2 protein chains.
Amino acid sequence: MESRCENCIIRQFNSLRAMSKEELKQVSNSKTTKILKKGEPLFEEGDKLNGVYCVRNGVSKLSKLSANGKDQIVKLASKGEVIGQRSVIAQENTNLSAIAVSDMEVCFIPKETITHTLQKNPNFTLEVLRHMAHDLKEADDVIVNISQKTVKQRIAEAILYLKNNFGEDKDGFLALTLSREDISNVVGTATESAIRIISEFKKKGLIHTSGKKIGIKDEKKLQDMVEGF
Amino acid sequence: MESRCENCIIRQFNSLRAMSKEELKQVSNSKTTKILKKGEPLFEEGDKLNGVYCVRNGVSKLSKLSANGKDQIVKLASKGEVIGQRSVIAQENTNLSAIAVSDMEVCFIPKETITHTLQKNPNFTLEVLRHMAHDLKEADDVIVNISQKTVKQRIAEAILYLKNNFGEDKDGFLALTLSREDISNVVGTATESAIRIISEFKKKGLIHTSGKKIGIKDEKKLQDMVEGF
DNA sequence: CTAAAAATATGACATTTATCAGTAGTCTGT
DNA sequence: ACAGACTACTGATAAATGTCATATTTTTAG
């Protein structure tokens, strides 16, 4: 049978840790588990969400389609993160799409369970609030980065971000492999520009690549690049 | 004597409306009122906030300094909005500066009053949460706009935003007058670029200006500009 | 394993935007 | 009312980035 939320380690990393034993039992009884293959959508922009998704494994990109037909990736959500809270809380259709960028395992928690607890357990609400406050700060940082840094700086930053958040595999490549297009959508630039700059980094010996995989060779210089040197 | 929060109309527009009579009384007793002249700071990036500010009148820009020395304006907060909640909730120093862009009147509410209510009144917490969810969505939209629209589109959008949110004066100029530099910092571009594009809009008959004041002449064409025509 | 499809890569060029330099206009405080 | 300071404006130019076209490599499906 399904594993129980009460015992789930993932929970330690998100706002569900503020739930009481009773509440967790309820979550566990109402949740369903879902497996997604790389590339499959969890939901699409504009969908009405009937609950939130707790990521057990894998990574999802949260993106928004712009008028000119390009996706902008606003956040990468991985193990322990809860996706869709914003829409459920604001009682609106979702403003973002969520698509798996690696195989995923997620738990779906119906919104009734969440909203019920939000109204009853102030500790949980406060915990969710803290998480959202954190997300908001990060969003502010993204705004400043995108508008004030060059594409080169942002790509260097993205590469370091991928290392710091998802680590490296045994061969020294970034553990999370994004397509060049996804990278350009994180950074907010044309795919060709991203590719060009990645090639340049490679020529300069800052990184090495193999297919779409990227490995960091000179972290310090990459960091300097971010700072603008 | 000072006016009482219980009677304050402003409250209707922000999360304070979810407070009980008792709680409001406490807020009213602990609050202080502050007058700011245009250009004066409410607080600066990195400050530790001892409470939140409720805007009674005037407008404040919330901005963040980037590495290259330029400010990026992340939000304009006006009547009814509460400033500084994010930092108080996350228990961090503030990541933004708040500077008055017009004369202001604000109420300062000490953080103890807020955090106390956050722990006791789930309705209030939920209301704050909803507001933050809304802010987060807006931040996502800003990210997409900045990275996917041209400077011209963003300036057209900013002008329409100023009209829709702050209205026009009797002579048909935008009621909130921002300096060209502030406009460029909202839009995330160089001041000269903003000026150039504003001149261009003027030549094309989309707007008219007088000193730093801007008035809209052809809203439809401005809107088309935003859409990319 | 192989052919087709998709993704990556690169060059040439157009467009957008930033930077620097300098002038004109507007506001502020005495 | 006036000087000085700030702000708006304009031109010339450089730099960054986007676009289109096309070649090459990698991945995928059968």
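If you're wondering where the values come from, they're calculated on a predicted model, not measured in any experiment. Order of the sequence lines sets the chain letters (A, B, ...), proteins ahead of strands, with each chain counted from 1.
In this structure, CG on A/Leu174 lies 10.0 Å from CG on A/Asn164, to the nearest 0.5 angstrom.
Residue B/Ile197 contributes atom CD1, which lies 15 Å from atom P of D/dA8 at whole-angstrom precision. Protein atom CD1 of B/Ile155 is 12 Å distant from nucleotide atom P of D/dC9, rounded to whole Å. Between the P atom of D/dG18 and the CD atom of A/Glu181 lies a distance of 14 Å, rounded to the nearest Å. When rounded to the nearest whole Å, the span between CD1 of B/Ile146 and C1' of C/dT16 equals 16 Å. Atom CD of B/Gln148 is separated from atom P of C/dT16 by 16 Å (rounded to the nearest Å). Distance NZ (B/Lys213) to P (C/dG25): 18 Å, rounded to an integer number of Å. Here C/dG25 presents its C1' atom at 11 Å from NZ of B/Lys202, a figure rounded to the nearest Å. With rounding to whole Å, A/Lys149 atom NZ is found 18 Å from C/dA18 atom C1'.
In terms of phosphate contacts, A/Thr191 brings no side-chain nitrogen or oxygen within less than 4.0 Å of OP1 or OP2 of C/dA7. Listed pair B/Ser199 / D/dT10 meets the phosphate criterion, a side-chain N or O lying under 4.0 Å from OP1 or OP2. Between A/Ser193 and D/dT17 there is no side-chain polar atom (N or O) within less than 4.0 angstrom of OP1 or OP2.
Nearest to the side-chain atoms of B/Ile195 among the listed nucleotides D/dC9, C/dT8, D/dT19 stands D/dC9.
Under the side-chain hydrogen bond (donor to acceptor under 3.5 Å, both in side chains) criterion, A/Glu181 pairs with no residue at all, not counting sequence neighbours.
If you find the closest nucleotide of DNA chain D to B/Ser147 and to B/Lys203, the one lying nearer the 5' end belongs to B/Lys203. Nearer to the 5' terminus of DNA chain C, by closest-nucleotide assignment, is the contact made by A/Ile198 (compared with the other of B/Lys212 and A/Ile198). Comparing A/Arg180 and B/Glu192 by the nucleotide of DNA chain C whose heavy atom lies nearest to each, the residue mapping closer to the 5' end is A/Arg180.
Residue side chain B/Arg196 reaches the base of D/dG11 through a donor-acceptor N/O pair under 3.5 Å, judged by distance alone.
Not a single donor-acceptor pair under 3.5 Å links the side chain of A/Asn57 to the backbone N or O of A/Met104.
Salt-bridge check for A/Arg196 with A/Glu192: failed, with every basic side-chain N at 4.0 Å or more from each acidic carboxylate O.
For B/His134, the NE2 atom is loosely surrounded, since the number of other residues' heavy atoms within 6.0 Å does not exceed 12.
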